[in-house]
Each structure stands twice: as C-alpha cells, then as structure tokens.
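I have placed the structure first, in the form of structure tokens, so that the comments after it can refer back to it.
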2 protein chains.
Amino acid sequence: MKYTNQTRFLVAVDCIVFGFDGTEYKLLLIQRGFAPEKEKWSLMGGFLLPEESMGDAAARILKQLTGLQDIYLEEMQAFSKPDRDPMERVIAMAYVALIDIKKYQQQINDDFHARWFPMKELPKLIFDHQEMVDTALNKLRYKAAFHPILFELLPEKFTLPQLQTMYEGLYNTKFDKRNFTRKVLSTKLLKKEKEKEKLSSKKGAFYYSLDQEQYKQTILTIQNFIPLTDITDTKD
Amino acid sequence: MKYTNQTRFLVAVDCIVFGFDGTEYKLLLIQRGFAPEKEKWSLMGGFLLPEESMGDAAARILKQLTGLQDIYLEEMQAFSKPDRDPMERVIAMAYVALIDIKKYQQQINDDFHARWFPMKELPKLIFDHQEMVDTALNKLRYKAAFHPILFELLPEKFTLPQLQTMYEGLYNTKFDKRNFTRKVLSTKLLKKEKEKEKLSSKKGAFYYSLDQEQYKQTILTIQNFIPLTDITDTKD
DNA sequence: TATTATTAGTGTAAAAAATACAATTAATTT
DNA sequence: AAATTAATTGTATTTTTTACACTAATAATA
C-alpha cells in the first residue's frame, strides 16, 4: 500500500561549514560537479537516499565531498521555494557545521578541491546558497550570544585571547579583555592547562580546555525569565 | 531537463498548535481522515503540493483542517526516519503555532472536529507525533526563557496575572509576583491600558497590551556574552 | 646584556540587575 | 459593615555588569 495521487519531490541536503582559523571566519565551498551550474561554487550538497534520515544524509554528503567526519552538524532550516533550483523542484534542508580549521585540515580530502573562503570574500554561490549562508550566520550570532556554542569551534586546547578573537570576529566588535575573561571563566566551563601557546606572542598565553562534564550540564541551562532557584523545580 | 536516477519522496507538513486558555496549556488535535491510522488522533498534517513552499503548505493545511489563519507559525524540525510512516516513507516538517485559545475559538471550524487536549491528558498519537510534540515543548521552554515569545500567545489585551500564569504553566513552577512584574515591565514591551479585567477577581486587574514597536526592536536583542554597549556596533 | 617591543594578565569601584520578603488596596459578596 | 478575594506595590541585600589602565613575561634587537 502506498499513498496515491500525491506528488513526490527530490530532497537534498546542503552543509554550511563554518571554520575559524584563530583569526577569522571562513566558509568551506566546493565546485559543483554536475549540471546545472557545474563548476560553480556551492555548499556541500547532495540528494537524500531512500534508506537514510536527513541527518545521516548530511553526514554522508559532507564526508563524501570533503572527507570531514565526526563533526558537530545541526539542522538549520528548510529551503523550499518551488523555483529555487532551475532544473527541477528540490526541497533542501540546510545543516550547519562549526569546525576548527587547523584541527581538521588534514581530514579534508583534496579530490574535490574544497576551499576555505574568508567570509568577506565569498564568491558568487549557486541557487539560494548565499541566502542559506546569511541565515546560518544570523542564527549562529543569535545562538552564540546565549550559548557557549563557539567553544566547539576551537581545538581541544585554546587560549583566552583566541576565544575572544572568535567572539569578536563573529560580532565585528571588540570586547574588554578583563571583562571578557571574567565572564568566560564565570561559566566554570574552562580548565586552565599548564602549558602555554607561544606562537602568537612573546609572553605566551596559557591554554584552556573545555570541561566536558560542566559543558553538558550548562548547555541545558536556561535563564532570564526563570529565576535560577526555580529551574531545579522544573524537572517533573 | 530533470535530475535523473534520483529517488523522489513524499513530503508532509505537521502543525503543532499549542494554545493557552488563561489557565493551562492545551494541544489541538484532529482525528485523521485517511488510512493508515484513520480516526486516530493526529496533528494537523498534509502533503506538500507542487507549487507551494513548506511554509505555505503549513498555513494551508492548518486553515483547511481547522479554519485557523493568520497565526504565528514557525518551522520547527524535520522528522525523517525512513520508517516513521508504516505505509510509505514520508519526510515530515513540523511547524509550531502558539495561540490564544479564546481569541481563536470562533475561527475553529467544527467540520473536522479539532479538539483541545490539556497537555497532561493527551491521547495516543499516530506515528511519531508524540515525539514531535515533546520536542516542540522543549524548544518552546528553551526559547521562551530568552525571548518574549509567550506574549504572542495572549490576546491583544491581557493582565499581568495572566502572563505570569502562562509562564508558570510552561515551567511548572511559581514565580514571585513582585519580581515577575518588575522583570516583565523592565522590558518596556508592555503598555498599561485604562480598563480592568473583572472576570477572574473582585478587584480586577489592569489590562496591558504589547508595544509592537518596542517588540520588533527587542526581539532582535542579544545578550550574555555581548555587552549591550557593543551590540549597536554590530550592524555593519 | 641592556633596551625595546609586543601581547598576556590582572583589580577595583560604581552602577545595574536580581533576589527575598509581606503589607495594603480595591472591589465584591455576605 | 464585615469578610473575602486577588491585585498591587517597596526596600534592603546580594549578585552581576560595566568602565577603566597598569604590570608581567618573553623575544628580538641594539
């Protein structure tokens, strides 16, 4: 038994991969391998297969086209305007990934010529991919304001100046060092390491790492309208 | 020209309609009109048509099955496990709506026997609809903690006790009246009206209404890691 | 080896926001 | 007139946020 008289659609997944290299944000793009728009710059995309969920498809496509695996991938938004692909109607689900460029540089497979573009020097993208990127960046900014999500973008060990640069880059602004440090450390999410990073300064900056236990707890915490004393009552 | 050798899928939209009646949260459900699971309780769902976006489909389906229109509908999450519908694979996009039950009661068309169920007395739902509802409720709780989104759930004029009840209902807790009032008013989102609501108390409670101008500005405001003084610099 | 240059790291006072806590007010019902 | 019910309001304390500038550590250079 099947549903009759219903239209079936192509369903695709597009992966928006943001990366941070310690200084600026970049976007990972490839040159599309098939018509239409063959050879044009594109997000990592592909069609959904019959036996996989969309999340599985996103991971598969990213792996196939770049070699990247085991990275943070999150469903972002559907793009479903009937004419977004000139060839044929395709429903696209956009997924967003955040990675530390240096950490994953080796994983990236050169076969597909995936390339990092600084956010301010993006080439023209196919279809509505630029809209996808803009939407993703806005959502990332919004989310990072409440959520310690940006820690995911850093290597296991990172310095406070690096973290600050990352936040400043996302919002195109400068923060006060002392206040930023205090705020970040007050989350209790970071553990200070004994070694220093010596490449980017003469003095060297101490490494910190993410306290995974704390992180898992904190990521669920909610604020603002709910006094903290009430939150513990909420689990019923 | 079409994409060849690709599988096409049924795409559906399911609408999760939460309502608040001044006292408790309810969920709007209908009895499914076709096989499989005919007559079982279900979210308002239907298949995507060839010429509409998914957002359009959600609005159309909600209107067709309940009569409700012009309400706040937000894309929530895709549900795409290959076997979620036993008849045939269907990719479902869940949309969430929040409405004031009393305000829209008349709009609801009786033809489809849509019924409000208190959140604690939901019937067994078809397929993965219960999972959709649970996910939506969690996201709503999370979002409402930062976002004045719950104001959307109230009629044009509402009282502070009503608003407080709504927040308390969402988190199953009690807030201090004085602190809640102060916090809500500090958002500057509310305008005090001259009339009182007299049904639920002898003294009567003053009506408030949403200051639409302020609301549009505030809804974009972000906090926590970004000092407020920096936010204005962000627009580039 | 002394000097210079560069970035990391740190404290405090003032202002703002969050919290805990209970008496008074307005209106209706008896 | 008294009793009942729910709305409304303030203050003192604690916590958090903000603004602001000098010292420390190291490498490069004179």
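Sequence lines set the chain letters: A, B, ... in the order given, protein chains first and strands last, and positions in each chain run from 1.
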Run the salt-bridge test on [X] and [Y] with the 4.0 Å N-O cut-off and return the result as yes or no.
X         : Y         : result
Glu195(B) : Lys157(B) : yes
Asp21(A)  : Lys26(A)  : yes
Lys102(B) : Asp100(B) : no

Round to the nearest Å and state the distance from [X] atom [atom1] to [N] atom [atom2].
X         : N       : atom1 : atom2 : result
Phe180(A) : dG9(C)  : CZ    : C1'   : 14 Å
Lys183(A) : dA16(C) : NZ    : C1'   : 13 Å
Tyr207(A) : dG9(C)  : OH    : C1'   : 17 Å
Asp176(A) : dT17(D) : CG    : C1'   : 11 Å
Asn179(A) : dA16(C) : CG    : P     : 15 Å
Phe206(B) : dA27(C) : CZ    : P     : 8 Å
Leu160(B) : dA26(C) : CG    : C1'   : 16 Å
Leu185(B) : dT8(D)  : CG    : P     : 10 Å

Inset, instruction - Classify the nucleic acid contact of Thr159(B) as base, sugar-phosphate or nothing, counting any heavy atom under 4.0 Å across all strands shown. - result: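 It contacts nothing in the nucleic acid.
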Using the side-chain heavy atoms of [X], tell me which of these nucleotides is nearest: [options].
X         : options                   : value
Arg182(B) : dA19(D), dC21(C), dG10(D) : dG10(D)
Arg178(B) : dC20(D), dG10(D), dT8(D)  : dG10(D)
Lys192(A) : dC21(C), dC20(D), dT10(C) : dT10(C)

Inset, instruction - Produce a footprint string for nucleotides 22-30 of chain D: one letter per nucleotide, 5' end first; B if the base is under 4.0 Å from any protein heavy atom, S if only the sugar-phosphate is, - if neither. - result: --BBBB---
Inset, instruction - Could you tell me which residues satisfy salt bridge (Lys or Arg N to Asp or Glu O under 4.0 Å) with Lys191(B), sequence neighbours excluded, listed by chain and number? - result: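 Counting only residues at least two positions away or on another chain, Lys191(B) forms no salt bridge (Lys or Arg N to Asp or Glu O under 4.0 Å).
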Inset, instruction - May I ask you to decide if the ring planes of Tyr167(B) and Tyr171(B) are parallel, tilted or perpendicular, using 30° and 60° as cut-offs? - result: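 Answer is parallel, since the angle falls under 30°.
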Inset, instruction - Evaluate the ring planes of Trp41(A) and Phe117(A), with Trp represented by its six-membered ring, and classify them as parallel (under 30°), tilted (30 to 60°) or perpendicular (over 60°). - result: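 Because their plane-to-plane angle is over 60°, the rings of Trp41(A) and Phe117(A) count as perpendicular.
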Legend entry - Spacing of NZ belonging to Lys40(A) relative to CD1 belonging to Ile126(A), to within rounding of 0.5 Å: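 Atom-to-atom, Lys40(A):NZ and Ile126(A):CD1 are 9.5 Å apart.
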